[in-house]
Structure formats: structure tokens, C-alpha cells
Asker: 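Can you keep this structure in mind? I'll have questions shortly.
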Amino acid sequence: MITGVDGIIRNATASVETGYYELLPREDGAFNISYTDYQTATRVYLCNRPECKHCDTSCTSWLSSDDCAGGAGLFTDGNKLYVQRQGAGAEIGHPETITGLSPSKIIEMDLNGNNRKELLVLTGADSIWGAIAADKNHVFFLLDSVIQKNDELSVTRTLVAFVIETREIVPLKEFDLDTHLIGTSNDGLVFKVFEQGSGNQIQSSIYLFNLSNGNFEKIKQWSGNHIISQVSNNTLYCIDSEHAQLTAFHFDTGDEMIITAELPLHKDDTIIRLGIWDNHFMYRAYEHGSHLTNDIHDYSVDLKDGRYFENTLKYTAFNITNSVNILAESSNYFWLAMINVHNR
């Protein structure tokens, strides 16, 4: 994965071992890319010209409003920095609303902002949905295509491979709109699909799409919203509030194991995923579903042995106390929301 699980929807920033990239909005509707160095905790424009006003195409940090139409975000593969424009889209039922700003596009540049070029520009009102994965020859993503039939517009979702050398988009499999790319394994791509179960109950299913043979295999399914999951290091990790347990499903062997069944959870707790950082699965628990400050707890669970601890680092803004969220990590630092770099 070269983006986070949610693509640019929840995290529009990018990080490498030495620093952190952000998009800064300008009053004129354009944007600048900033870079924060972890070691010095200094943030600068992604530009090496001291005299630069950072307001036009002469600046390596500057992005036009068109480049960011519909929202934009950053991601990196460690060698290049990318800007993904979501695209302005179109109004369903009104084909005349499709413009040159409607589709998604990806801009590629060096990590210092130089050598910028458009890597991918979709057509019509097509857009990239969610996360993006890649190997050395391909970029994989879910393509949402706006299809016109008579005077109506409808949306289809297709897994595609963008061939980097030829810039060709190759369709791999069509999906329902309730399908989301959530990770990778050694053999392929991992998807979460929301499906209709018995009694109109929504089921969550995890599938593995094998890139070698095209097989689409269901590996796990559950009803309700008591399980959160994330893929890391060829393994699917799940936290189950009903059974207070953390499980690991290994894609290479097909084996599932319980790492711990002693998590600090109640059956009626609401839980959300915060991410996997430093080999710890971090989650937020709303005790008995309550959103009162004293009933909200953040925990980190060691993926090796299931040992856990509560994250007690907080910040207060506008007289409201919140938990601190991790935005990025390197071998020496966590980059945290609302406060400065915290040495690990």
C-alpha cells in the first residue's frame, strides 16, 4: 500500500523516514506543499529558493486550485511524492456538469518537489476510490466510473491496474459500490465488502484477490459492527469487542490464531480503528457506547503477545480534552496531531 487504508479521505498527508508532507490551503484557492523535518521539528515550504513568494508555477511547493479540485491529498512510495486530485465529479442525472475538473488525477514529483509531471489523468467524471497499492510495474486502485445511459448518470466500481510503462488502465474485476481496498498480501489485494445478510443485517466480509490467477476468495465474515480490522505484514488483524480478543489471520498459511482474549472491552462497547503503529494495533473504545470524555479510552495492543496499555497522552483545545492521534512514524519519531514531535 502506498496510501493509508482510507486513501486521502481520512489522511491527506505523506511521510518518509526523515519528514512529513502536508498540503496548506491558500486564500486564493491554491495550495502549497510543506515539509516538516522530524529531527529539527521545523516546517518549511517544499521549495529551496529563499526569495520565492510560493504563489505560482515557478515554486516547487505551489499547486493550483485546478490541481486540487474536489479535494486533494499526498502520498509517497518512499522514492517519489504524489498528489492525488479527487476531482470535482458530476451531478447524478446531469451529464452537462462534467468538466475538465471532474476526473481524478495523480501528479508525480521528486521528494524535493522537482521534476513534476502528470502520471495519470482519468476521463469524464471518473475517480479513484479509497486506497492505492502498487508494485514496481503497476498501480492498483478502485476506479469509480460515471456511465451515461440516455440522460442519466450511474456509477460503477472496477479494480484496475495502471501499467506505469505504457500508462494503460487494465480492468481486473468489477465490484459493487460497497467494496473497499484495505490492504495487500504477498499474493494479491485484500478487500472489505459490506453485504446484505439474513434479516436485512449488514455483513462485513474480507476477500483476497489473487493477482496471479484472478481468484477472489472469502476468508472471513461477521455481522454487526463489533469487529475492526487492519492488514499489516501479510496478516489480517481483527479486534472483536464481543469476545474481547485480538486475532491474526496469516495469508500465506491460511491459519488464524487468537493472540489474546483479555482485552479491556465490554460486549456493548463501540470501537474504532486508529491504526497499526510500531507493531501495535491502536483502537478507541467508547465504554458502553458512551461519548462522555471519561468513557472514551485509547489502547495499544502489542501484535506479538497481546499485551496492552492505555494511551493517556491528551491535549486540551477550546476547553475540550481529546486523545492525541499518531499521524506518521519513522524509526525514531512519532508525528502527533496537535503537539510537537514526540521521541519514541
Side-chain angles (χ1 to χ4, degrees), residues 1-16 19-36 43-49 52-92 94 96-134 139 141-146 155 160 162 164 167 169 181 327-328 335 337:
M1 298 277 281
I2 55 175
T3 69
V5 177
D6 305 297
I8 65 169
I9 296 175
R10 286 183 57 186
N11 188 2
T13 61
S15 65
V16 291
Y20 186 71
Y21 298 90
E22 300 172 86
L23 284 180
L24 305 180
R26 299 173 54 88
E27 291 183 357
D28 59 5
F31 287 79
N32 289 105
I33 303 172
S34 72
Y35 175 76
T36 302
R43 185 168 71 171
V44 296
Y45 288 110
L46 191 65
C47 175
N48 62 2
R49 295 168 47 225
C52 186
K53 301 296 184 181
H54 313 299
C55 61
D56 56 34
T57 55
S58 66
C59 177
T60 52
S61 81
W62 185 82
L63 292 165
S64 70
S65 58
D66 287 0
D67 287 333
C68 301
L74 303 171
F75 63 92
T76 179
D77 59 6
N79 298 309
K80 297 286 187 178
L81 181 65
Y82 301 91
V83 179
Q84 179 191 334
R85 180 183 81 180
Q86 188 61 28
E91 186 178 346
I92 296 298
H94 293 275
E96 71 277 6
T97 62
I98 296 176
T99 71
L101 303 181
S102 295
S104 292
K105 74 174 180 178
I106 296 176
I107 301 170
E108 177 190 272
M109 65 189 75
D110 294 341
L111 293 177
N112 62 5
N114 289 327
N115 299 315
R116 184 183 301 186
K117 65 179 181 180
E118 290 186 343
L119 177 68
L120 167 67
V121 182
L122 299 179
T123 59
D126 292 357
S127 62
I128 297 169
W129 175 257
I132 300 174
V139 178
F141 57 89
L142 289 170
L143 173 66
D144 280 5
S145 298
V146 179
V155 180
V160 300
F162 173 68
I164 297 173
R167 300 201 173 192
I169 294 178
L181 175 61
L327 299 177
W335 188 246

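Computed from heavy atoms alone, side chains included, the values below leave out hydrogens, waters and symmetry copies.
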Asker: Measure the CG-OG distance between Asp144 and Ser127 for me, rounded to the nearest 0.5 Å.
Answerer: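 If I round to the nearest 0.5 Å, the distance is 4.5 Å.
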Asker: With rounding to the nearest 0.5 Å, note down the distance linking OG in Ser145 to CG in Asp126.
Answerer: 4.0 Å
Asker: Are any non-hydrogen side-chain atoms of Asn48 and Asn112 less than 4.5 angstrom apart?
Answerer: no
Asker: Measure the spacing between CZ of Phe75 and CD1 of Ile8 and express it to the nearest 0.5 Å.
Answerer: 8.5 Å
Asker: With rounding to the nearest 0.5 Å, note down the distance linking CG in Asn114 to CG in Leu46.
Answerer: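 Going from the CG atom of Asn114 to the CG atom of Leu46 covers 8.0 Å.
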Asker: Would the distance check show the side chain of Arg49 and the main-chain N or O of Ser58 forming a donor-acceptor pair, the cut-off being under 3.5 Å?
Answerer: yes
Asker: Give a yes or no on whether the backbone of Asn32 and the side-chain of Arg26 come within a donor-acceptor separation of less than 3.5 Å.
Answerer: no
Asker: Assess the residue pair Leu24 and Arg43 against the criterion (side-chain contact (heavy atoms from CB on, under 4.5 Å)); give the C-alpha distance rounded to whole Å, side-chain angles, the decisive distance to 0.1 Å, and a yes or no.
Answerer: CA-CA 11 Å; Leu24 305 180; Arg43 185 168 71 171; 3.8 Å; yes
Asker: Any non-hydrogen side-chain atom of Leu101 less than 4.5 Å from a side-chain atom of Arg85?
Answerer: yes
Asker: On the 0 to 90° scale, with breaks at 30° and 60°, tag the Tyr35-Tyr21 ring pair as parallel, tilted or perpendicular.
Answerer: tilted
Asker: So, taking the atom named CG in Leu120 and the one named CD in Glu108, what distance separates them when rounded to the nearest 0.5 Å?
Answerer: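 Output value for this atom pair is 11.0 Å.
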Asker: Do Leu119 and Lys80 come within less than 4.5 Å of each other through their side chains, counting heavy atoms only?
Answerer: no
Asker: Tell me the closest heavy-atom pair linking His54 and Trp62, and the distance in Å.
Answerer: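 Distance-wise, the nearest heavy atoms are O-CD1, 3.6 Å.
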Asker: List the residues meeting ring-ring contact (aromatic ring centres under 6.0 Å, His included) with Phe162, not counting sequence neighbours, and say none if there are none.
Answerer: none
Asker: Going by the rule ring-ring contact (aromatic ring centres under 6.0 Å, His included), which residues pair with Phe141 if we only count those two or more places apart in sequence or in a different chain?
Answerer: none
Asker: May I ask you to decide if Ile132's main-chain N or O and Thr3's side chain share a donor-acceptor pair within less than 3.5 Å?
Answerer: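 Yes; judged by distance alone, with no hydrogens or angles, the pair exists.
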Asker: Using a 4.5 Å cut-off on heavy atoms from C-beta on, say whether the side chain of Val83 contacts that of Met109.
Answerer: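 Side-chain contact under 4.5 Å: yes.
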Asker: Does any N or O in the side chain of Gln86 come within less than 3.5 Å of the main-chain N or O of Ile128, such that one atom is a donor and the other an acceptor?
Answerer: yes
Asker: Do the non-hydrogen side-chain atoms of Leu111 and Thr76 ever get within less than 4.5 Å of each other?
Answerer: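 Side chain of Leu111 against side chain of Thr76, heavy atoms only: contact under 4.5 Å found.
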Asker: Donor-acceptor pairs are to be reported for all side-chain atoms of residues 64-74 against protein atoms at under 3.5 Å, with residues two or more places apart or in another chain.
Answerer:
unit_1 : atom_1 : unit_2 : atom_2 : d
Ser64  : OG     : Asp66  : N      : 3.4
Ser64  : OG     : Asp67  : N      : 3.1
Ser64  : OG     : Asp67  : OD2    : 3.2
Asp67  : OD1    : Lys105 : NZ     : 3.0
Asp67  : OD2    : Ser64  : N      : 3.2

Asker: To the nearest 0.5 Å, what is the distance between CG on Leu143 and OG on Ser104?
Answerer: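 Leu143 atom CG to Ser104 atom OG measures 8.5 Å (nearest 0.5 Å).
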